[in-house]
Amino acid sequence: MAYRMEGLPERVTVYEVGPRDGLQNESAIVPVEVKAEFIDRLADAGHTVVEATSFVHPKWVPQLADAAELLGRLDRRPGVRYPVLVPNERGLDRALELGVTEIAIFASATETFAAKNLNRTLESQFDMFEPVVARALEHGLDVRAYVSMCFGDPWEGPTPIEQVVAVGERLAGVGCYQLSLGDTIGVGTPGHVTALIGAFGGPDRLAVHFHDTYGQALGNTLAALKAGVTTVDASTGGIGGCPYAESATGNLATEDLVWMLRGLGIETGLDLDKLVSTSTWLAERLGRPSSSRVVQALAKG
Ligand code: HMG
Ligand code: MG
């Protein structure tokens with residue numbers, strides 16, 4: 001039984017980041033065949049977009065150093081997109097060689113995180129990203145852009161909204177089809193989400209990416225939906241975080257998001273039972289229980 005609320009979209013795209021944002025933060029390196037099966041299971045559950053891996057420097061994120069091998073093993077389904085994270089032209093070359101059709105760049109809204117995550121300044125990150133976007137577009141790729149630390153930064157405190165908008169507009173201006181607003185350390189609250197989306201002039205091109213460190217991710221998502229956003233990032237079992245941001249614990253869990261959306265009568269095309277069994281399967285491989293509340297509740301029942 002669904003109970004709709006006024007002012008929410010009919011349909012939401014869940015942009016699954018578990019294989020990338022989730023597995024990049026695991027202390028153990030997950031075998032490539034487990035990663036490939038994970039992605040296949042996500043497609044089986046009805047996902048239409050699964051961020052598969054990253055073409056970053058393998059020394060920076062050894063957990064995803066097998067990106068090329070993983071892409072070779074993927075059983076690509078028609079109708080499913082498999083974007084990958086790319087920071088620079090070296091990463092783009094590697095992705096193009098493998099026939100990738102969609103990439104995501106990842107900018108910082110703050111100076112300190114640009115240094116820690118990208119080894120660049122806030123300004124010089126654009127010198128790295130702009131040629132990547134230009135060349136990717138020439139090759140016919142779709143380019144998504146993340147903006148990290150949109151709400152606060154562990155070193156700098158709250159992030160000024162105008163600073164986030166300036167970074168986001170610059171990336172949209174060079175041709176990124178979507179901006180995913182990242183609450184990398186999970187400090188945002190619903191009114192802040194509404195204010196940020198308003199400062200962008202509305203939801204066009206915006207997606208949201210909430211880490212759940214302070215338990216705000218679902219509330220923040222509802223605020224984003226009310227503001228008109230229709231793409232929400234989430235991660236199987238809430239795994240994930242950025243190795244270069246203190247306290248960037250778990251993403252919004254896909255199963256918790258889908259439970260809420262299903263209850264609101266919002267279509268996602270996802271099969272919650274299959275998502276839960278994938279989350280339980282993954283938890284066994286990672287050696288710890290799924291932190292999704294919905295998975296815990298349904299597994300008990
Ligand atoms: P750098 O050290 O400044 O790189 O790192 P460089 O351009 O000076 O190059 C140094 C060497 O690295 C060169 O090799 C390059 O070829 C090589 P050498 O000539 O010395 O032999 N190199 C590469 N090799 C393979 N693939 C590459 C690559 N690039 C350079 N792509 C760089 C700069 C951006 C590469 C580095 O800082 C990096 O890899 N950072 C990635 C960090 C990361 O992946 N963080 C997690 C993802 S972001 C996130 O999780 C947040 C998000 O979820 C949203 C949110 O939650 O807010 C997206
Ligand atoms: Mg993230």
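Each ligand, and each atom within it, is numbered from 1 in the order the structure gives. For reference, positions follow the sequence shown, starting with 1.
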* Structure fact -> re atom 47 (C) of ligand 1, the protein heavy-atom contact at minimum distance is Gln24 OE1, 3.5 Å

* To do: Answer with side chain, backbone, both or neither: which part of Asn117 has a heavy atom less than 4.0 angstrom from an atom of ligand 1?
  => both

* Under 3.5 Å side-chain donor-acceptor pair for Gln163 and Thr110 -> no

* Considering all protein heavy atoms, does one lie under 4.0 Å from atom 15 (C) of ligand 1? -> no

* Is the cationic atom of Arg144 (NZ for Lys, CZ for Arg) positioned less than 6.0 Å from the six-membered ring centroid of Tyr15 and within 45 degrees of its normal? -> yes

* To do: Starting from the C-alpha separation in whole Å, work towards a yes-or-no answer on salt bridge (Lys or Arg N to Asp or Glu O under 4.0 Å) for Arg170 and Glu123.
  => CA-CA 11 Å; Arg170 214 155 146 184; Glu123 181 56 33; 3.0 Å; yes

* Which residue owns the protein heavy atom closest to atom 51 (C) of ligand 1, what's the atom, and how far is it? -> Ser148 OG, 3.6 Å

* Does a donor on one side chain sit under 3.5 Å from an acceptor on the other, for Asp183 and His192? -> no

* **Shortest non-hydrogen contact from Ala52 toward Leu71** => CB-CD2, 4.2 Å

* Structure fact -> The option among Gln63, Met149, Arg120 carrying the non-hydrogen atom nearest to atom 4 (O) of ligand 1 is Arg120

* Asked: Hey, is atom 9 (O) of ligand 1 under 4.0 Å from any protein heavy atom?
  -> no

* Asked: Distance below 4.0 Å between atom 41 (C) of ligand 1 and any protein heavy atom?
  -> yes

* How far is atom 33 (C) of ligand 1 from its nearest protein heavy atom, and which residue and atom is that? -> Leu118 O, 3.7 Å

* Asked: Where on Val17 is there a heavy atom closer than 4.0 Å to ligand 1, on the side chain, on the backbone, on both, or on neither?
  -> neither

* Heavy-atom protein neighbour under 4.0 angstrom from atom 53 (O) of ligand 1 -> yes

* Check the side chains of Thr13 and Thr231 for a donor-acceptor pair under 3.5 angstrom, ignoring hydrogens and angles. => no

* Atom of Ser290, atom of Gly237 and distance for their closest heavy-atom approach -> OG-CA, 3.4 Å

* To do: Would you indicate which of Arg20, Lys116, His209, Arg94 comes nearest to atom 49 (C) of ligand 1 when only heavy atoms are counted?
  => Arg20

* Subset of ligand 1 atoms that lie under 4.0 Å from at least one heavy atom of Gly91 -> 31 (N)

* Asked: Are there protein heavy-atom neighbours of atom 19 (O) of ligand 1 below 4.0 Å?
  -> no

* To do: Write out the residue and atom name of the closest protein heavy atom to atom 17 (C) of ligand 1, then the distance separating them to 0.1 Å.
  => His57 CD2, 3.3 Å

* Show your working on side-chain contact (heavy atoms from CB on, under 4.5 Å) between Ile103 and Val84 and close with a plain yes or no. => CA-CA 5 Å; Ile103 63 166; Val84 299; 4.1 Å; yes

* Quick one: do Asn220 and Val208 satisfy side-chain contact (heavy atoms from CB on, under 4.5 Å)? Show the steps, please. => CA-CA 9 Å; Asn220 288 344; Val208 288; over 6 Å; no

* Side-chain ion pair, Arg293 and Asp212, N-O less than 4.0 Å -> no

* To do: Assess whether side-chain contact (heavy atoms from CB on, under 4.5 Å) is satisfied between Val50 and Phe38, documenting all intermediate values.
  => CA-CA 10 Å; Val50 181; Phe38 179 28; over 6 Å; no

* Asked: For the side chain of Glu16 and the backbone of Thr236, is there at least one donor-acceptor N/O pair under 3.5 Å apart?
  -> yes

* Do Gln125 and Ser108 get their side chains close enough for a donor-acceptor pair, meaning under 3.5 Å? -> no

* To do: Would you mind running through ligand 1 and noting each atom that sits below 4.0 Å from a heavy atom of Val61?
  => 43 (C), 44 (O)

* Has Pro58 got any heavy atom lying under 4.0 angstrom from an atom of ligand 1? -> yes

* Any idea which protein heavy atom is nearest atom 34 (C) of ligand 1, and the distance to it? -> Pro87 CB, 3.8 Å

* Asked: Does Lys59 have a heavy atom less than 4.0 Å from any atom of ligand 1?
  -> no

* Structure fact -> atom 27 (C) of ligand 1: closest protein heavy atom, distance to 0.1 Å, is Arg90 CG, 3.6 Å

* Asked: Looking at Asn119, which atoms of ligand 1 are within less than 4.0 Å of one of its heavy atoms?
  -> 1 (P), 2 (O), 3 (O)

* Which bit of Ser180 is near ligand 1, meaning a heavy atom under 4.0 Å away: side chain, backbone, both or neither? -> neither

* Closest approach of Trp155 to Phe113 (non-hydrogen atoms, all atoms of both residues) -> CZ3-CD1, 3.9 Å

* Pick out which of Arg285, Arg288, Arg20 makes a salt bridge (Lys or Arg N to Asp or Glu O under 4.0 Å) with Glu26. => Arg288

* Asked: Protein N, O or S atoms at less than 2.8 Å from the Mg ion (ligand 2), how many?
  -> 3

* Pull out every atom of ligand 1 sitting under 4.0 Å from any heavy atom of Leu85, numbered as shown with elements. => 47 (C)

* Going by distance alone, is a donor N or O of one side chain under 3.5 Å from an acceptor N or O of the other, for Asp153 and Thr159? -> no

* Without hydrogens or angle criteria, can the side chains of Asp233 and Ser180 be said to hold a donor-acceptor pair below 3.5 Å? -> yes

* Flag, side chain of Thr268 to backbone of Leu270, donor-acceptor distance under 3.5 Å -> yes

* To do: Go through ligand 1 atom by atom and flag the ones less than 4.0 Å from a non-hydrogen atom of Gly182.
  => 57 (O)

* Proximal ligand 1 atoms for Phe55, defined as those under 4.0 Å from one of its heavy atoms -> 27 (C), 31 (N)

* **For His211, atoms of ligand 1 separated by under 4.0 Å from a heavy atom** => 56 (O)

* Structure fact -> Here the atoms of ligand 1 under 4.0 Å from any heavy atom belonging to Asp21 are 53 (O)

* Residue and atom name of the nearest protein heavy atom (relative to atom 57 (O) of ligand 1), distance in Å to one decimal -> Thr184 OG1, 2.6 Å

* Asked: Nearest protein heavy atom to atom 30 (C) of ligand 1, by residue and atom, and its distance?
  -> Asn88 ND2, 3.5 Å

* **Hphob cluster co-occupancy, Leu286 + Ile29, side-chain heavy atoms under 4.5 angstrom** => no

* Have a look at ligand 1 and work out which part of Val56, if any, has a heavy atom under 4.0 Å from it: side chain, backbone, both or neither. => both

* To do: Take Leu141 and Leu96, measure what side-chain contact (heavy atoms from CB on, under 4.5 Å) needs, and give me the verdict at the end.
  => CA-CA 9 Å; Leu141 272 57; Leu96 286 172; 3.9 Å; yes

